[in-house]
Amino acid sequence: MWGPAHLKETHYLRVYLASLRRKLEPDPSRPRHLITEPGMGYRFEP
């Protein structure tokens, strides 16, 4: 699914994480479990 042909299609990951946050986070606008690490990616905090 991912690879060199999809380097510019980062919006899919943001949409997927937003969907996960709506399902898992008590307040999706202030995530506690799915954390964005600027310049790095995403981190899961149990």
Side-chain angles (χ1 to χ4, degrees):
M1 179 174 181
W2 300 104
H6 300 280
L7 288 176
K8 295 182 180 180
E9 297 178 6
T10 58
H11 61 282
Y12 290 116
L13 186 57
R14 282 192 287 272
V15 169
Y16 183 68
L17 260 290
S19 175
L20 281 176
R21 282 180 174 145
R22 282 192 300 272
K23 293 176 183 178
L24 300 175
E25 297 283 357
D27 181 1
S29 64
R30 298 177 57 170
R32 297 184 329 191
H33 302 293
L34 298 171
I35 308 299
T36 302
E37 290 286 342
M40 297 295 292
Y42 297 95
R43 172 173 48 95
F44 177 71
E45 281 287 319

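Predicted model only: the values in this text are computed from it and were never measured. Computed from heavy atoms alone, side chains included, the values below leave out hydrogens, waters and symmetry copies.
- Linking Ile, Leu, Val, Met, Phe, Trp and Tyr residues whenever their side-chain heavy atoms come within less than 4.5 Å leaves Ile35 and Leu24 in two separate clusters.
- The hydrophobic clustering, which links ILVMFWY residues whose side-chain heavy atoms are closer than 4.5 Å, places Tyr42 and Met40 apart.
- Using a 4.5 Å cut-off on side-chain heavy atoms (C-beta onward), Pro46 and His33 make no contact.
- The salt bridge (charged side-chain N to carboxylate O under 4.0 Å, His left out) analysis of residues 36-46, with sequence neighbours excluded, yields the pairs Glu37-Arg43, Arg43-Glu45.
- In this view, Arg30 satisfies the salt bridge (Lys or Arg N to Asp or Glu O under 4.0 Å) rule with no residue, not counting sequence neighbours.
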Extract all donor-acceptor atom pairs below 3.5 Å that involve side chains of residues 13-23 and protein atoms in other chains or at least two apart in sequence.
from, atom 1, to, atom 2, distance (Å)
Arg21, NE, Leu34, O, 2.9
Arg21, NH2, Leu34, O, 2.6
Arg21, NH2, Thr36, OG1, 2.9

